[in-house]
Amino acid sequence: TLFLDSSALFCISYEKPDYTLQDVFDGVAPRRNAAWNSKCISVFRQLVKAVSHLHDQGVIHGNLNSRNIAKFGKTWKLLDIGSVTPIGGRMRRRIQPMDPPEFIRDAGKKEMKNTT
């Protein structure tokens with residue numbers, strides 16, 4: 001992304017993630033064992049630290065979802081900080097509704113049960 005100021009040209013480059021959390025959801029069937037749970041807890045802790053840091057700075061992410069959480073090496077990071085908004089400030093984007101995977105999975109089971 002290039003920005004032109006009256007006195008200088010700025011270039012912001014982004015590192016390419018190994019994959020996003022959405023990629024994990026789309027391509028990996030979760031193994032619900034101790035190792036899987038341990039990895040989930042580790043990722044969750046990193047995300048909590050990142051979001052907590054934003055809040056400590058007086059801002060919210062503004063577009064937190066599985067496509068904006070990505071792995072870079074051994075570290076998970078937040079992407080799309082362009083929606084960062086001061087706490088209490090007006091959101092720049094409309095918040096997109098999202099359903100957890102469990103909701104979608106359970107709804108599918110209910111539909112199949114109703115058709116049989």
Side-chain angles (χ1 to χ4, degrees):
T1 306
L2 294 175
F3 297 97
L4 185 58
D5 190 347
S6 59
S7 61
L9 177 68
F10 298 94
C11 177
I12 300 174
S13 64
Y14 300 95
E15 56 187 323
K16 183 179 184 304
D18 300 332
Y19 48 86
T20 67
L21 192 55
Q22 185 63 48
D23 296 333
V24 173
F25 291 156
D26 289 345
V28 178
R31 291 178 222 106
R32 300 192 187 264
N33 57 29
W36 176 260
N37 290 339
S38 177
K39 287 180 184 180
C40 289
I41 289 168
S42 173
V43 170
F44 184 70
R45 284 187 176 143
Q46 289 181 54
L47 295 174
V48 168
K49 283 178 77 171
V51 171
S52 179
H53 177 74
L54 289 175
H55 294 176
D56 289 346
Q57 304 307 308
V59 296
I60 60 171
H61 185 276
N63 192 21
L64 192 58
N65 64 61
S66 58
R67 286 180 179 82
N68 290 331
I69 300 167
K71 187 169 185 187
F72 298 83
K74 294 183 178 182
T75 305
W76 288 85
K77 299 180 181 181
L78 298 177
L79 304 177
D80 191 20
I81 59 169
S83 298
V84 169
T85 303
I87 292 174
R90 184 177 177 160
M91 297 290 292
R92 294 179 221 179
R93 297 188 156 166
R94 189 177 140 269
I95 297 175
Q96 298 175 5
M98 296 183 68
D99 291 322
E102 297 84 7
F103 178 81
I104 297 167
R105 180 195 64 218
D106 294 344
K109 286 180 184 177
K110 288 177 186 174
E111 285 180 22
M112 290 186 70
K113 189 175 182 180
N114 291 337
T115 59
T116 56

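From a predicted model like this one, the values you see are computed outputs, not experimental measurements. Just so you know, residue 1 is the first one in the sequence shown, and it goes up from there.
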NE2 of H55: more than 12 outside heavy atoms within 6.0 angstrom?
-> yes

F44 atom CZ, over 12 foreign heavy atoms within 6.0 Å | no

Is the shortest heavy-atom distance from the side chain of [X] to the side chain of [Y] under 4.5 Å?
X: Q46; Y: T75; result: yes
X: V51; Y: H53; result: no
X: L47; Y: L64; result: no

Donor-acceptor pair, side chain of [X] and main chain of [Y], under 3.5 angstrom:
X: D23; Y: T20; answer: yes
X: D18; Y: G73; answer: yes
X: N63; Y: D80; answer: no

Considering all heavy atoms of both residues, which atom of [X] and which atom of [Y] are nearest to each other, and what is their separation?
X: L78; Y: I69; answer: CD2-CG1, 4.1 Å
X: L79; Y: R67; answer: CD1-O, 3.9 Å
X: E15; Y: F72; answer: CG-CE2, 3.2 Å

Spatial distance of atom CD (Q57) from atom OG (S52) [nearest 0.5 Å] = 9.5 Å

